[in-house]
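All remarks here apply to the structure that follows.
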Amino acid sequence: MKLINIPVLLLLFSISNNTFGQALLPDQMGKVSVPIQTNSGIESFRLTNFSSDKVNTLGSEFINDKFSEAIVNNGSQYFDLRYNNYSGYFEYKKSPTEVINLSKEKNNEITFKDGRKYFLKQYKINKNDKEDYLLSAGIKDANVKLYKLQSVEFIPYKGSTNSYEEKKSPEYKLKKPLYFVEFDGKIIPVEKSKDLERAFADHSKEIKKFISQKNIDFNSDDMILVQNFLNSIL
């Protein structure tokens, strides 16, 4: 396996200890994440093609596939990064021919020059524990903070079962955004009014009335109105 010397990234890249014990499976775009270790002892992921076959897949893993300059963990050095909305990882462009996945273990804050800021957050949804990079939204320094998760799902190839049914190519499809509020150290995914009413039980009636009056769409920037309202009552 090729060793890569990246001494300047000593604090930037890491990998969780259990990754090396897991099977590495190719994704639907024909790539596999291969663990690598550099001469400096840094561990990270390298994205490698496992097949020369082209997969006729519609859509994209990315909302924005362009690499842009960003700093990590409030550091001072800029790196060419982009967020993979399908894998949930940030990708670092080490060279024109090599892309490396950033481990989530040590890289919990990504700030782009254009103002986008992502935070790695842990939360619970549908009784499942999750961890994702959430995009900061709304008023950044508010008491109640607002985040947005933008993710892409993969819809596999579907063959026709009869002469009337059309075949469907595999497709990457953008999901509706999921918004979160953060208050008093808790991350709350918000899909409906009751999520907020339960989280802020002392103000449940006020919240329910506000949501109804404003006809809030929980998958849109209407959530900025919710953030402003919560900050006014908490």
Margin query: For Lys192, I'd like to know if atom NZ has over 12 heavy atoms of other residues, nucleotides or ligands within 6.0 Å.
Written below: yes
Contacts of Lys113 meeting side chain to side chain donor-acceptor pair (under 3.5 Å) (sequence neighbours excluded), chain-then-number -> Glu69
Sorted by chain and number, sequence neighbours left out, side chain to side chain donor-acceptor pair (under 3.5 Å) with Lys194 holds for none
Pair up each side-chain donor or acceptor in residues 136-151 with any protein partner under 3.5 Å, not counting sequence neighbours, and list the distances.
{"residue": "Lys140", "atom": "NZ", "partner": "Gly138", "partner atom": "O", "Å": "3.4"}
{"residue": "Lys145", "atom": "NZ", "partner": "Ala142", "partner atom": "O", "Å": "3.3"}
{"residue": "Tyr147", "atom": "OH", "partner": "Glu182", "partner atom": "OE1", "Å": "2.6"}

Q | Heavy-atom check, side chain of Leu196 versus side chain of Val226, under 4.5 Å | A | yes
Heavy atoms of Glu206 and Phe229 approach each other most closely as O-CZ, 3.7 Å
Q: Kindly determine whether Asp221 and Tyr179 satisfy side-chain hydrogen bond (donor to acceptor under 3.5 Å, both in side chains), including the steps that lead there.
A: CA-CA 9 Å; Asp221 285 341; Tyr179 284 83; 2.8 Å; yes
Find out whether the Lys NZ or Arg CZ of Arg82 is both under 6.0 angstrom from the six-membered ring centre of Phe62 and within 45° of the ring's axis. yes
Nearest heavy-atom approach of Ile233 to His203 is O-CE1, 3.3 Å
Closest non-hydrogen atoms of Glu91 and Phe67, given as atom of the first, atom of the second and distance, are O-CE2, 3.6 Å
Joining Ile, Leu, Val, Met, Phe, Trp and Tyr whenever any side-chain heavy atoms lie under 4.5 Å apart, the cluster holding Leu58 also takes in none
So CZ of Phe180 and CG of Leu134: to nearest 0.5 Å the spacing works out to 5.0 Å
d(Arg198 CZ, Ser193 OG) to nearest 0.5 Å is 9.5 Å
Check your understanding: Quick one: do the Asn108 and Tyr133 side chains pair a donor with an acceptor below 3.5 Å?
Key -> no
Hydrophobic cluster identity match, Val190 and Ile187, side-chain contacts under 4.5 Å: no
query = Would a distance-only check, ignoring hydrogens and angles, find a side-chain to backbone donor-acceptor pair under 3.5 Å from Asn84 to Tyr86?
reply = yes
Can Asp114 and Arg116 be counted as an ion pair, charged N to O under 4.0 angstrom?
yes
Sorted by chain and number, sequence neighbours left out, side-chain contact (heavy atoms from CB on, under 4.5 Å) with Glu109 holds for Asn73, Asn74, Thr111, Lys117, Phe119
So CG of Asn228 and CE of Met223: to nearest 0.5 Å the spacing works out to 11.0 Å
The reported gap from CD in Glu153 to CD in Glu171 (rounded to nearest 0.5 angstrom) is 9.0 Å
Any chance you could lay out the side-chain contact (heavy atoms from CB on, under 4.5 Å) test for Val72 and Phe90, step after step, and finish with the verdict? CA-CA 11 Å; Val72 178; Phe90 275 94; over 6 Å; no
Heavy atoms of Ile110 and Ala70 approach each other most closely as CG2-CB, 4.1 Å
- Message: For residues Tyr83 and Ile71: do they belong to one hydrophobic cluster (side chain heavy atoms under 4.5 Å, members Ile, Leu, Val, Met, Phe, Trp, Tyr)?
- Response: no
Distance-only check: which donor-acceptor pairs under 3.5 Å involve side-chain atoms of residues 211-220, not counting sequence neighbours?
{"residue": "Asp217", "atom": "OD1", "partner": "Asn219", "partner atom": "N", "Å": "3.0"}
{"residue": "Asn219", "atom": "ND2", "partner": "Pro177", "partner atom": "O", "Å": "3.0"}
{"residue": "Ser220", "atom": "OG", "partner": "Asp217", "partner atom": "O", "Å": "3.0"}
{"residue": "Ser220", "atom": "OG", "partner": "Asp222", "partner atom": "N", "Å": "3.1"}

In short, Ala199 meets Ile188 closest at the heavy-atom pair CB-CD1, 3.5 Å
- request: Take Ser68 and Phe112, measure what side-chain contact (heavy atoms from CB on, under 4.5 Å) needs, and give me the verdict at the end.
  value: CA-CA 7 Å; Ser68 301; Phe112 285 90; 3.7 Å; yes
- Task: Check whether Ile63 and Phe154 end up in the same hydrophobic cluster, where Ile, Leu, Val, Met, Phe, Trp and Tyr are linked by side-chain heavy atoms less than 4.5 Å apart.
- Result: yes
task: Decide whether Leu178 and Leu230 are clustered together by the hydrophobic rule: side chain heavy atoms of Ile, Leu, Val, Met, Phe, Trp, Tyr closer than 4.5 Å, transitively.
output: no
Q | Hydrophobic cluster identity match, Leu120 and Phe79, side-chain contacts under 4.5 Å | A | yes
- Task: Using a 4.5 Å cut-off on heavy atoms from C-beta on, say whether the side chain of Lys104 contacts that of Glu131.
- Result: yes
Of all heavy-atom pairs linking Leu234 and Phe200, the shortest is CD1-CE2, 3.5 Å
Between the CD1 atom in Ile155 and the NZ atom in Lys173, the distance rounded to the nearest 0.5 Å is 5.0 Å
